[in-house]
Student: 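Take a look at the following structure, please.
For reference, positions follow the sequence shown, starting with 1. All heavy atoms count here, side chains included; hydrogens, waters and symmetry mates do not. For ligands, and for the atoms within them, numbers begin at 1 and follow the listed sequence.
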Amino acid sequence: MAPLRFSANLSWLFPELSGLPARLRAAGSFGFEATEVAWPYAEPPEALARVAREAGLRVVLINTPPGDQEKGEMGLGAVPGRQAAFREGLEQAVRYAKALGCPRIHLMAGRVPQGGDRAAMRGEMETVFLENLRHAAGVLAQENLVGLLEPINTRVTDPQYFLDTPQQAAAILQKVGRPNLQLQMDIFHWQIMDGNLTGNIQEFLPIVGHVQVAQVPGRGEPSSPGELNFSYLFQLLEDEGYRGFVGCEYKPQGDTVEGLSWLRSYWDRRGRPQAGQ
Ligand SMILES: O=C(O)C(=O)CO
């Protein structure tokens, strides 16, 4: 089986470095071939693309903008009344993805609006999400881009988030029925919501376009103390033939590079894919 390919999530890694350019350089120096950034929008895309190129890095995932974070927004895809803002954010994300050569965009669903009742709003929010996803799939297809839906756990991380299980996301993807919309599997969130990782990974991997990892419950390195056996989970992903990227989206428990010893060990044991493979 081919070794897994890892991506440095620079919205989480290298917090000891200020600014995305410095984090890009640090990720390249460590030996990553790829990075992902939730919201790269504070920097001009061409400047970021230059730094990434100089660092020998591909950018493999960005998110649609969060919306008005001061009003508690965390994505707009399923938020009633925010369709125009979602479409504007999608256009911005597509501009950045094209400049960065980034093939995937996480289409953030967003939260049940403050004061709203999840059960009462579920139908309306799903209808808005389906409408926005059909639009997004068409826009992305023109640029040969993939849109991703990520369930985020509502037990701990984000109780108001609209999309919180792979079952819900898969049902929405089924309804939209566009091949360039896929599932973003964040193993941290899946463990917290349901456990049953072997069963869920095997069931949903065929529609997965990106994976992210962090230990549970502390959201630290895969090697940090916690519930998950990543030696087993990485082997499972290899055995199941997963060929996408695995995003290191975790909170370093100390110095980022020291905390990456688990990845050095993986590369020592499994070898490193050649860049561009
Ligand atoms: O919160 C997360 O896990 C995300 O990946 C948001 O993009």
Student: Mind jotting down which protein residues get a heavy-atom contact under 4.0 Å with ligand 1? Chain and number order, please.
Tutor: N63, H106, E150, I152, Q184, D186, H189, Q212, R219, E249
Student: Please confirm whether F245 and F32 have ring centers closer than 6.0 angstrom.
Tutor: no
Student: Tell me whether R23 contacts the main-chain N or O of L17 through its side chain, where contact means a donor paired with an acceptor under 3.5 Å.
Tutor: yes
Student: Would you please name every residue forming a salt bridge (Lys or Arg N to Asp or Glu O under 4.0 Å) with E124, sequence neighbours left out?
Tutor: none
Student: With sequence neighbours left out, what residues match D239 under side chain to side chain donor-acceptor pair (under 3.5 Å)?
Tutor: Q235
Student: Identify every side-chain donor-acceptor pair in residues 74-81 under 3.5 Å, counting partners at least two apart or on other chains, and give the distances.
Tutor:
none

Student: For Y266 and L4, indicate whether the former's side chain and the latter's backbone hold a donor-acceptor pair under 3.5 Å.
Tutor: yes
